[in-house]
Amino acid sequence: MNVNVSGTKAFYNSITGSSLCDCGYCRNYRLQIKSAVPNVAMYLDFWGIDIEKPLETSPLESDENGILEYCCCQYIVLGNCEPEYHHKIADIEFRVAKSYPSTGIEQEHFVLEFSPIKLKYIC
Ligand SMILES: [Zn+2]
C-alpha cells in the first residue's frame with residue numbers, strides 16, 4: 001500500500017459533517033465505530049483516514065438482539081495499492097474495494113474496505 005498520508009489527512013479534514021450520509025445506518029455507525037473498534041480506528045488513522053467519515057457502509061438486517069452487521073465499510077485513500085492487499089485485525093479483514101460509489105476525486109486514489117463490523121442499532 002502506497003499511501004499519500006498527508007493528502008489523505010487533508011482530504012478527510014475537508015469533509016464537513018453536512019456532506020456525510022444522514023441515513024440512520026450511517027449515523028449509527030459514526031456514533032459508535034471509534035469506541036467499538038479502537039484498534040481499527042488507530043490503523044486507519046495511521047494512513048490519515050478518519051474512521052468516522054466512511055465513503056459507504058453496507059448494513060445487513062439487524063438481528064433479534066438489535067445487533068446490526070455492516071458487511072462492508074469503505075474509505076477513500078489517496079495513493080495506490082496492490083489489488084491483493086490484505087490485512088487483518090482480530091476477525092476484521094481489510095482489502096481493496098472493487099465496487100463502490102463514485103468518489104468524484106481526480107487524484108490517484110483507491111477505496112479500502114473492511115468487514116465485518118457489528119454494532120448495536122441505537123439510532
Ligand atoms: Zn447512509
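Heavy atoms only: backbone and side chains are in, while hydrogens, waters and symmetry mates are out. Order of appearance sets the numbers: ligands from 1, and atoms from 1 within every ligand. Along the sequence shown, residues carry numbers from 1.
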Which residues pass the salt bridge (charged side-chain N to carboxylate O under 4.0 Å, His left out) test with Arg95, sequence neighbours left out?
-> Glu113
Ring centroid separation Tyr70 to Tyr25 under 6.0 Å = no
The Zn ion (ligand 1): protein N, O or S atoms that are less than 2.8 Å away, sorted by chain | Cys21 SG, Cys23 SG, Cys26 SG
If only atom types and distance count, is the side chain of Tyr29 paired as donor or acceptor with the main-chain N or O of Lys53 below 3.5 Å?
-> no
What do the steps show when you test His86 against Glu93 for side chain to side chain donor-acceptor pair (under 3.5 Å), and what is the final call?
-> CA-CA 7 Å; His86 185 255; Glu93 301 206 49; 2.4 Å; yes
For the residue pair Tyr75 and Phe114, is the inter-centroid distance of their aromatic rings smaller than 6.0 Å?
-> yes
Report yes or no: does Arg30 contribute a side-chain atom to a donor-acceptor pair with the main-chain N or O of Cys21 at less than 3.5 Å?
-> yes
